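These numbers come from a predicted model, not from an experiment. We number each residue from 1, following the sequence as shown.
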Amino acid sequence: MSDPYTEATRDERTGMPTLAKVFLFGGGLVVAALVALFIWFSVSVDRMYSYMSPPPPPVEVSRGEAAQRAAELQESRRMRQAELEESRKRAAEQAEVEAALREVRQEVVAERARIEAVELARVRQNLAAAQESVAEELSRAANTVLESVFDDAGFSVEPVGAGIGLSFDISSGTVSTRFDLVSDPEMLDRVSRGEGRLADLWPDDAAERGEAAKKPLPEWVPVFPGADRKNSLLLEKGDLALGVGVFLADASGNDILLWYFRASDRLERGGTDFSLRQLTSKGQSDPVGELGRFAMVWEDRQVSVFVTEDDHGNSLFVLVYKGGRNE
């Protein structure tokens, strides 16, 4: 017969469930693994640090070294400040030099302008003086040629007043005559200053001109087309003709001189052998005051032209010639 206590506690003595036993065993293994891992990690870290050199001890700076470094830093700052001051000083000096150079340049420009103004005034003064003596210059130029032309023909020529005076010897004695290029030399000077016209030098009435101004010139003497003969003098001695004529033309002085030069070209192409052809022209359109000249000589003939112009498009030219009367 069984014990009643044993029978009563039979279900309680059956032991732990299987699942509980599995968890208990597995948990123990996990705890053991974690303990082993911790131990291995601790040992590895200790070994790693054992191979590393210890950090260097902190550098200790003495008060002397700190003071020296501070002094060096202060000296460096002082030197940089000195360099900056020197740079500023040089910049200021450069600015002063540039300002002085600008002043010098301005003075040079002003002085140059003053010199140019003085020179221009002097040139204008000389030009005005030359223009004021245009009548004298024209008379002197014509006299120079006439002396050669008439002396070669046995005449004696000398200036008379503001015109051209001629004295020549003939069988009956010495005869003097007067020939004026223009009746009013002062008016010619006023024209040279732009105060009048060349056309104002003579009256418009052709009847008031001398008979000599109407007498035809030798055929071999070229006359600018359309020129109006205002005055002239013609002397004949045997087969020799000597003369001077004053003409007014509606053309520039340069055009007249070029026309005479081209006329000489035509004569040369026609067989004329020139011993002299000379053209002198400034080619200026300024008022009178600068004479243009042209001269040509061939065989026993000679023609000289002197031209001056006003500022109204008119020109006065003097024609001096010498040569045989026959063609």
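- K322 has its side chain out of reach of S304: every pair of non-hydrogen atoms, C-beta onward, lies at least 4.5 Å apart.
- At least one side-chain heavy atom of F247 sits under 4.5 Å from a side-chain heavy atom of V223.
- Looking at R78 and E75, a side-chain N of the basic residue comes within less than 4.0 Å of a carboxylate O on the acidic one, giving a salt bridge.
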Residue pair N314, R197: steps toward the side-chain contact (heavy atoms from CB on, under 4.5 Å) verdict: CA-CA 8 Å; N314 293 327; R197 302 168 58 97; 3.4 Å; yes
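- In this structure, the side chain of E309 engages the main chain of G253 through a donor-acceptor pair within 3.5 Å.
- Between atom CD of residue E83 and atom CZ of residue R90 there is a gap of 9.0 Å, rounded to the nearest 0.5 Å.
- Defined by atom type and a distance below 3.5 Å, a donor-acceptor pair is present between the side-chain atoms of R229 and S232.
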Derivation and outcome, side-chain contact (heavy atoms from CB on, under 4.5 Å), residues L217 and L319: CA-CA 11 Å; L217 302 180; L319 188 62; 4.3 Å; yes
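- Taking the side chain as every heavy atom from C-beta outward, F317 and F224 approach each other to under 4.5 Å.
- The side-chain contact (heavy atoms from CB on, under 4.5 Å) test applied to I115 returns E111, not counting sequence neighbours.
- Of all the heavy atoms in A199 and L248, the pair that sits closest is CA-CD2, 3.7 Å.
- Under a 3.5 Å cut-off, the side chain of S315 and the backbone N or O of A249 do not form any donor-acceptor pair.
- Looking at residues two or more places apart in sequence or on another chain, you find a side-chain hydrogen bond (donor to acceptor under 3.5 Å, both in side chains) between Q94 and E98.
- Residue L242 holds its CG atom at 9.0 Å from CG of L233, rounded to the nearest 0.5 Å.
- For W220 against V303, the heavy-atom pair with the smallest separation is CZ3-CG2, 3.8 Å.
- Under the 4.5 Å side-chain criterion, counting only non-hydrogen atoms from C-beta, L201 is in contact with L188.
- Electrostatic pairing of R88 and E85 counts as a salt bridge here, judged by a charged N lying under 4.0 Å from a carboxylate O.
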Intermediate values then yes/no, side-chain contact (heavy atoms from CB on, under 4.5 Å), D200 and L198: CA-CA 5 Å; D200 299 333; L198 288 171; over 6 Å; no
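- Closest approach of F274 and S264 over heavy atoms only: CE1-O, 3.3 Å.
- By the rule that hydrophobic residues join a cluster once side-chain heavy atoms approach within less than 4.5 Å of another member, V297 and L240 end up as members of separate clusters.
- Within the 4.5 Å cutoff, side-chain heavy atoms of E268 are placed close to those of R277.
- Looking only at side-chain heavy atoms (C-beta outward), V145 and F306 come within less than 4.5 Å of each other.
- To the nearest 0.5 Å, the span separating CD on E72 from CD on E65 amounts to 10.5 Å.
- Listed by chain and residue number, nothing satisfies the ring-ring contact (aromatic ring centres under 6.0 Å, His included) test with F294 (two or more places apart in sequence, or in another chain).
- Here the side chain of D310 pairs no donor or acceptor atom with the backbone of V191 at under 3.5 angstrom.
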Test log, rule side-chain contact (heavy atoms from CB on, under 4.5 Å), inputs L257 and F261: CA-CA 6 Å; L257 292 173; F261 188 81; over 6 Å; no
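- One distance of note links CG of L267 with CE of M296; it measures 6.0 Å at 0.5 Å rounding.
- The minimum heavy-atom distance linking G313 with D250 is given by the pair O-OD1, 3.5 Å.
- Annotation: cation-pi geometry not satisfied between R301 and Y321 (NZ/CZ under 6.0 angstrom from ring centroid, within 45° of ring axis).
- W259 contributes no side-chain N or O that, together with a main-chain N or O of N254, makes up a donor-acceptor pair within less than 3.5 Å.
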